[in-house]
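Hydrogens, waters and symmetry mates are skipped; everything else that's a heavy atom, side chains included, is used. Owing to the predicted nature of the structure, the values given are computational and were not obtained by experimental measurement.
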Amino acid sequence: MKNVILLTGSLIFYTLGEVWSLPILLGSLLVNYFMGLHIGRRAIPRMETEQGKKGAEREREEVIYKNQIRSRQAKRRRRLFVNAVICNAAVLAVLKFWKGSLPLGISFYTFQIISYLTDIYRGEQEKETSIIRFSNYIVMFPRLVSGPIVNYGEVRAALQERQVTLKGIQAGLKTFTMGLAAKVLLADRIGILWRDVQITGFESISTQLAWLAAIAYSLMLYFDFYGYSLMAMGLGRMLGFELPVNFKNPYMAVSVRDFYRRWHMTLGRWFCKYVYIPLGGNRRGEFRTVCNLLAVWLLTAIWHGSTANFLIWGMLLWLAIVVERQLEALGILRFLNRGIGKLFTHAWVLAVIPVTWMCFAITDLEQLQIFLGRMFHTVSPIKVSPGDWHRALEDYGWLLGMGLFACTPAISKIYRRLKDTWPGVILLSALFWFCVWRLQAEGQNPFMYRDF
């Protein structure tokens with residue numbers, strides 16, 4: 001009944017969010033459930049033997065028969081698996097590139113479906129015979145809209161048997177509150193600076209304000225998505241699930257490659273397990289590794305959007321990672337990551353990442369060119385208000401400072417130390433209701449990754 005209630009609530013939640021997408025979701029659930037049953041089928045029917053045959057001869061015929069059946073089943077399973085993956089990817093591609101309007105959460109639940117089908121095809125997981133449990137794995141409301149992307153093995157045991165306890169509800173609510181605060185008090189507030197710059201016009205801002213706006217967008221995106229992931233983890237814990245960590249202080253990274261090992265970690269491991277490693281990973285020489293990385297980042301860019309700016313974003317990151325690999329092979333990066341040299345590698349990340357985020361955020365290539373031109377002072381300004389960046393710092397400097405501080409491990413350390421104490425509980429309670437008040441006073445902003 002826990003699974004029935006969870007599935008019913010999740011479908012209601014999804015319908016309230018976007019009712020027109022519900023038939024697509026339900027169709028995907030039914031088709032892939034039955035696909036999974038057939039892909040995971042390995043039973044060999046019993047052979048009817050003729051009377052009077054000797055034991056050795058009968059055993060030999062049975063071995064030949066079983067091998068033939070296994071061969072036919074393997075071909076059939078491979079054909080079903082390939083067709084299922086192609087169909088899921090094709091639906092996502094058609095809706096993304098031709099329709100231009102994505103059903104709510106389709107990118108995330110499609111990737112989960114593909115991971116499930118792949119795991120049972122490889123024999124890493126057993127097929128799920130219960131359509132209720134399978135559907136809950138796909139549409140579980142805490143992580144339905146924006147992840148994290150969960151492998152079936154991570155929740156299989158909890159779907160079969162779990163307990164909802166007061167201790168779990170308390171722990172989950174604390175995590176949820178931290179995510180809510182990241183979204184409401186940081187992402188939404190810092191994002192105002194980015195929206196102000198968009199209203200002003202990119203050609204009418206100073207170089208200093210352009211960099212402040214890029215930093216603001218970088219922090220807004222992080223706290224928006226990180227906040228969602230924390231809330232998903234908190235809700236999951238309240239329901240008896242342990243959802244995986246999706247972020248690990250990415251702005252503390254010492255390389256672009258390190259950054260994306262810490263950012264949206266469940267998407268990164270999905271591409272690693274189902275794309276990068278099957279292509280050969282780093283086992284076939286440097287040139288092949290670079291090509292495999294290109295394939296991963298090309299698919300990552302396409303997954304995020306159909307416009308050219310996402311392709312530019314993905315290719316810039318691929319190029320940065322390739323350059324870092326060469327520096328690492330020469331021993332330069334290893335040398336810089338020692339002692340005071342880490343300041344240079346941190347500076348490299350903090351300079352490159354905001355630039356790439358602008359390629360992610362600005363879909364119009366002409367506007368993107370203008371903004372990057374203002375960042376690097378290569379495009380002449382038009383009617384720039386004197387001291388615009390001073391006023392931005394006066395209005396938002398304290399928020400940017402809070403955001404930068406919250407990017408460090410300090411907040412997590414303070415939270416772990418206080419969360420189980422009475423002062424910590426009182427502080428978290430006040431933080432929760434303060435966020436609720438802010439939502440009531442200012443309205444709510446949808447999660448940014450909802451559109452992907």
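- Across R237, M233, E154, a single residue satisfies side chain to side chain contact (heavy atoms under 4.5 Å, CB included) together with E242, and that is R237.
- Remark: aromatic rings of Y228 and F447 are close, center separation under 6.0 Å.
- If you look at Y251 and F259, their ring centroids are closer than 6.0 Å.
- Contact record, P244 with T266: CG-CG2, 3.8 Å, taken as the closest heavy-atom pair.
- In plain terms, the two heavy atoms of N136 and L6 that are nearest each other are OD1-CG, 3.4 Å.
- Smallest separation of non-hydrogen atoms from G280 and N292: C-ND2, 3.8 Å.
- Residues P142 and M238 form no side-chain contact, since every pair of their non-hydrogen atoms from C-beta on lies 4.5 Å or further apart.
- The shortest heavy-atom contact between W348 and S255 is CD1-CA, 4.5 Å.
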Derivation of the side-chain hydrogen bond (donor to acceptor under 3.5 Å, both in side chains) call for N282 and Y276: CA-CA 9 Å; N282 59 0; Y276 182 66; 4.7 Å; no
Check step by step if side chain to side chain contact (heavy atoms under 4.5 Å, CB included) holds for L209 and T200. CA-CA 11 Å; L209 183 57; T200 301; 5.9 Å; no
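- Between the side chains of N88 and N32, at least one donor-acceptor pair of N or O atoms lies under 3.5 Å.
- Ion pairing of R257 with E328 is present here, as a side-chain N (NZ or NE/NH1/NH2) and a carboxylate O approach within less than 4.0 Å.
- Side-chain atoms of H304 come within 3.5 Å of backbone N or O of T300 as a donor-acceptor pair.
- To the nearest 0.5 Å, atom CD1 of residue I114 and atom CZ of residue F81 are 8.5 Å apart.
- Atom CZ of F376 has more than 12 heavy atoms from other residues, nucleotides or ligands within 6.0 Å.
- D258 is linked by a salt bridge (Lys or Arg N to Asp or Glu O under 4.0 Å) to R262, counting only residues two or more places apart in sequence or in another chain.
- Heavy atoms from other residues, nucleotides or ligands lying under 6.0 Å from CD of Q369 number 12 at most.
- With no hydrogens or angles considered, a side-chain donor-acceptor pair links Y152 and E128 at under 3.5 Å.
- When side chains are defined from C-beta on, L267 does not count as touching Y260, because their heavy atoms never get closer than 4.5 Å.
- Looking at C272 and I277, their side chains come closer than 4.5 Å, going by heavy atoms from C-beta outward.
- The environment of CH2 in W422 is sparse: at most 12 heavy-atom neighbours from other residues, nucleotides or ligands sit within 6.0 Å.
- Here the side chain of T408 pairs a donor or acceptor atom with the backbone of F405 at under 3.5 angstrom.
- Checked by atom type and distance alone, the side chain of H377 never pairs as donor or acceptor with a backbone atom of T207 at under 3.5 Å.
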CA sep, side-chain torsions, deciding dist, call: K383, E203, salt bridge (charged side-chain N to carboxylate O under 4.0 Å, His left out): CA-CA 8 Å; K383 295 181 180 179; E203 65 279 351; over 6 Å; no
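- Checked against the 6.0 Å centroid threshold, F108 and W270 do not count as a close aromatic pair.
- Ring geometry for F134 versus Y116: interplanar angle of 30 to 60°, hence tilted.
- Side-chain atoms of N3 come within 3.5 Å of backbone N or O of L159 as a donor-acceptor pair.
- Using a 4.5 Å heavy-atom threshold, the side chains of P103 and W20 count as touching.
- Taken to the nearest 0.5 Å, the CD1 atom of I190 stands 9.5 Å off from the CE atom of M220.
- The closest side-chain donor-acceptor pair between N246 and S229 falls under 3.5 angstrom.
- The shortest side-chain heavy-atom distance between Q326 and E286 falls under the 4.5 Å cut-off.
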Side chain to side chain contact (heavy atoms under 4.5 Å, CB included) between L25 and L104, worked out: CA-CA 9 Å; L25 173 64; L104 185 63; over 6 Å; no
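- The ring of W263 has its center closer than 6.0 angstrom to the ring center of W357.
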Pair T118, R122 - check side chain to side chain contact (heavy atoms under 4.5 Å, CB included), show working. CA-CA 6 Å; T118 304; R122 292 175 175 175; 3.5 Å; yes
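- Closest approach of M375 and V355 over heavy atoms only: CE-CG2, 3.9 Å.
- Rounded to the nearest 0.5 Å, atoms CG (L219) and CD1 (I215) are 7.5 Å apart.
- Residues F247 and F225 bring their aromatic ring centres within 6.0 Å.
- Salt bridge present: K273 and E124 bring a charged side-chain N and a carboxylate O closer than 4.0 Å.
- Side-chain atoms of R162 do not come within 3.5 Å of backbone N or O of A157 as any donor-acceptor pair.
- Going from atom CZ of F202 over to atom CD1 of I370 covers 8.5 Å, rounded to the nearest 0.5 Å.
- Taking the six-membered ring for Trp and the full ring otherwise, Y14 and F141 have centroids separated by 6.0 Å or more.
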Could you walk me through whether C435 and L185 pass the side chain to side chain contact (heavy atoms under 4.5 Å, CB included) test, one step at a time? CA-CA 7 Å; C435 290; L185 303 183; 3.9 Å; yes
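- Ring centroids of F111 and W303 are separated by less than 6.0 Å, placing the two rings close together.
- Side chains of R156 and N151: a donor-acceptor N/O pair is absent below 3.5 angstrom, by distance only.
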Verify side-chain hydrogen bond (donor to acceptor under 3.5 Å, both in side chains) between Y274 and D119, making sure each step is shown before the conclusion. CA-CA 10 Å; Y274 301 110; D119 287 349; 2.9 Å; yes
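- In this structure the side chain of P381 reaches within 4.5 angstrom of the side chain of R374, judged on heavy atoms.
- Here I362 contributes atom CD1 and I312 contributes atom CD1; the two are 10.5 Å apart, rounded to the nearest 0.5 Å.
- Applying the side-chain hydrogen bond (donor to acceptor under 3.5 Å, both in side chains) rule to pairs touching residues 174-185 yields K174-D420, K183-D188, K183-D224, sequence neighbours excluded.
- In this structure, CG in L400 is found 7.0 Å from CG in L393, a value given to the nearest 0.5 Å.
- A donor atom on one side chain and an acceptor atom on the other are not found under 3.5 Å apart for N309 and T363.
- Residues E161 and K2 are not paired through a salt bridge, judged by the lack of any N-O separation under 4.0 Å between the basic side chain and the carboxylate.
- Side chain to side chain, S206 and D388 meet the donor-acceptor criterion of an N or O pair below 3.5 Å.
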Determine, step by step, whether Q112 and R143 satisfy the side-chain hydrogen bond (donor to acceptor under 3.5 Å, both in side chains) criterion, reporting the C-alpha distance in whole Å, the side-chain angles of both residues, the deciding distance to 0.1 Å, and the verdict. CA-CA 11 Å; Q112 290 211 159; R143 40 134 304 276; 3.2 Å; yes
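- Pairing each heavy atom of K96 with each of L102, the nearest pair is NZ-CD1, 3.6 Å.
- Annotation: side chain of C359 is in contact with side chain of L368 (closest heavy-atom distance under 4.5 Å).
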